[in-house]
Amino acid sequence: MDTTTLKVLVERAEKSKIGQVDFNNLSFGNVFTDHMLVCDYRNGVWETPKVMPYQPISLEPSAKIFHYGQSIFEGMKAYKDADGATWLFRPLENQKRLNISAHRMAIPELPEEYFMEGLKALLRTDEQWIPTSEGSSLYIRPFMLASGTGFHASPANEFKFIIACAPSGSYFSGKVKVLIEEKYSRSANGGVGYAKAGGNYAGQFYPTQLANEKGYQQVIWTDDNNHEYIEEAGAMNIFIRINDTLITGPTSDRILDGITRKSILEIAKDEGIPVEVRKITVSEVVEASKNGTLKEMFGAGTAAVVSPISSFGYRDADYDLPELENSYASRLKKRITDIQYNKAEDKFGWRYKV
Ligand SMILES: *Cc1c(COP(=O)(O)O)cnc(C)c1O
């Protein structure tokens with residue numbers, strides 16, 4: 001077996017920008033670290049990955065990313081524990097999913113070693129950028145784009161894999177009001193909804209703007225066929241609690257296989273919470289709200305971990321969720337973040353030391 005690890009080149013920034021950053025007032029994803037990782041795909045191979053100063057990238061106007069949106073991304077975080085050690089949470093799941101997205105978008109897959117060694121080299125270079133205050137972390141954005149040129153509507157032959165990072169404060173925006181969407185769809189059977197393809201998110205912006213104008217912060221996506229089933233909450237997976245049972249929809253072409261989602265499912269089972277993975281109808285949720293058995297709704301994703309929903313709008317009526325003490329949302333969020341920040345035992349083996 002070949003045990004040599006991949007070499008990653010490192011070109012350090014001459015001067016750090018870190019002194020200009022107020023680490024006590026970090027928002028989400030608006031300031032970027034000193035470095036980025038760049039790896040080019042040319043002539044059928046991924047070249048040597050390189051950590052270099054964070055800077056604009058140069059692309060030709062005919063690069064296919066601009067015309068055909070051939071691009072994908074991932075979202076993950078690095079955490080500092082009380083002893084200053086750096087941890088990732090299930091990073092190989094992101095690496096695998098990046099390649100699932102790549103495959104669907106006709107982008108060449110990136111070998112695991114390039115992803116993991118590139119990521120670790122970048123995190124070691126920008127280590128002081130990982131915030132230490134409660135609930136903050138370094139948000140990591142790996143992405144791939146078609147840098148190859150041509151107006152012909154076909155896959156590019158050159159790509160870039162880049163990782164950029166943003167120190168971020170705790171992502172707490174309060175409880176959200178959501179609108180169950182019955183006209184627009186996020187994804188369809190046979191489509192690209194299960195991939196983290198750039199265009200999926202652009203397609204959500206307009207329906208979300210319409211919902212914002214009506215006073216809702218997010219859209220609850222339903223199936224594209226009859227808008228009968230609840231599928232996702234904005235760019236998060238959705239969980240519903242009816243009585244004491246926690247329910248989420250099954251992953252499919254239309255529902256993204258979230259790492260937070262699957263971690264919550266495992267933790268909930270471990271907590272002895274009854275869990276169901278099955279289709280959720282809009283009508284059962286409305287009915288459960290009317291008869292008082294609907295206890296909680298929340299989104300789940302890397303950025304916010306868990307995002308509780310205060311009320312949902314459906315066909316001109318609003319339905320409020322109750323205020324609960326010791327909600328599943330807060331219990332599950334605490335369990336998962338305690339693992340992420342190395343504050344609790346990691347019985348599932350999810351933590352990864354950098
Ligand atoms: C990324 C994403 C999620 C959440 O995935 P995590 O791995 O938990 O961050 C859920 N839904 C959509 C549409 C997403 O893009």
Side-chain angles (χ1 to χ4, degrees), residues 28-29 69 71-79 88-102 104-105 115 119 137-144 163 165-166 168 170-171 176 178 181 184-189 191-205 207-208 211 218-224 229-240 246 248-268 277 280 297-309 329 332-333 335-337 339-340 348 350-352:
F28 186 84
S71 80
I72 56 170
F73 68 95
E74 271 300 321
M76 54 203 300
K77 286 174 172 175
Y79 313 86
L88 293 164
F89 182 70
R90 311 185 76 177
L92 290 166
E93 296 291 329
N94 295 95
Q95 187 271 328
K96 281 188 223 143
R97 189 172 62 190
L98 182 80
N99 282 340
I100 290 170
S101 299
R104 179 63 183 84
M105 299 304 287
F115 185 94
L119 176 59
S137 58
L138 186 73
Y139 185 76
I140 304 167
R141 172 52 60 85
F143 61 107
M144 291 198 200
I163 308 180
C165 302
S168 296
S170 83
Y171 191 104
V176 292
V178 297
E181 178 62 59
Y184 299 99
S185 297
R186 192 192 80 84
S187 58
N189 284 330
V192 298
Y194 69 91
K196 287 184 98 80
N200 284 348
Y201 304 83
Q204 290 187 210
F205 294 161
T208 306
Q218 271 304 340
V219 165
I220 298 295
W221 301 105
T222 52
D223 66 284
D224 61 301
Y229 300 106
I230 288 197
E231 305 211 313
E232 292 212 53
M236 304 177 98
N237 293 113
I238 190 163
F239 283 84
I240 313 263
L246 188 64
T248 193
T251 55
S252 65
D253 279 4
R254 305 187 306 266
I255 299 185
L256 194 122
D257 188 3
I259 297 159
T260 316
R261 173 189 173 281
K262 60 183 162 202
S263 304
I264 283 178
L265 285 174
E266 286 199 51
I267 292 174
V277 177
I280 304 162
M297 288 171 76
F298 58 87
T302 295
V305 187
V306 160
S307 178
I309 291 168
L332 294 165
K333 178 170 182 172
R335 282 258 343 240
I336 199 167
T337 52
I339 295 174
Q340 289 168 335
F348 307 100
W350 289 338
R351 262 195 310 261
Y352 182 102

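When a residue number appears, it is its place in the shown sequence, counting from 1. Both ligands and their constituent atoms are indexed starting at 1 by order of listing. Since this is a predicted model, take the numbers as computed values, not measurements.
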- prompt: Quick one: does Gly75 get within less than 4.0 Å of ligand 1, heavy atoms only?
  reply: no
field: Nearest-neighbour protein heavy atom for atom 8 (O) of ligand 1, which is reported as residue plus atom name and distance
entry: Thr260 OG1, 2.6 Å
- prompt: Could you state the interatomic distance from CD1 (Ile255) to OG (Ser187), rounded to the nearest 0.5 Å?
  reply: 7.5 Å
Electrostatic pair Glu231:Arg186 at N-O distance under 4.0 angstrom: no
message: Is there a polar contact between ligand 1 and Ala300, counting only N or O atoms under 3.5 Å apart?
response: no
- prompt: Which of the atoms in ligand 1, numbered in the order shown and given with their element, are less than 4.0 Å from a heavy-atom of Arg97?
  reply: 5 (O), 6 (P), 7 (O)
field: Pairwise side-chain contact, Leu88 with Tyr79, heavy-atom cut-off 4.5 Å (strictly under)
entry: no
query: Do the charged groups of Lys262 and Asp257 touch, with an N to O distance under 4.0 Å?
result: yes
field: For Glu232, atoms of ligand 1 separated by under 4.0 Å from a heavy atom
entry: 10 (C), 11 (N), 12 (C), 13 (C)
field: Nearest-neighbour protein heavy atom for atom 2 (C) of ligand 1, which is reported as residue plus atom name and distance
entry: Lys196 NZ, 2.6 Å
- prompt: Considering only heavy atoms from C-beta outward, does the side chain of Thr251 approach that of Tyr194 to under 4.5 Å?
  reply: no
- prompt: So which protein heavy atom does atom 15 (O) of ligand 1 come closest to, and at what separation?
  reply: Tyr201 OH, 2.3 Å
- request: Quick one: sort the Phe89 and Trp350 rings into parallel, tilted or perpendicular, breaks at 30° and 60°.
  value: perpendicular
field: Numbered atoms of ligand 1 (with element) below 4.0 Å of Met236, judged on heavy atoms
entry: 10 (C), 11 (N)
query: Would you call Glu74 and Lys196 a side-chain contact if the rule is heavy atoms closer than 4.5 Å?
result: yes
message: What protein heavy atom lies closest to atom 13 (C) of ligand 1? Include the residue and the distance to one decimal.
response: Arg186 NH1, 3.3 Å
query: Quick one: which ligand 1 atoms are inside 4.0 Å of a heavy atom on Gly258?
result: 5 (O), 6 (P), 7 (O), 8 (O)
field: Per-residue contact class, Thr302 against ligand 1 - non-hydrogen pairs under 4.0 Å
entry: both
- request: Measure the shortest side-chain to side-chain distance between Asn200 and Leu256 over non-hydrogen atoms and say whether it is less than 4.5 angstrom.
  value: no
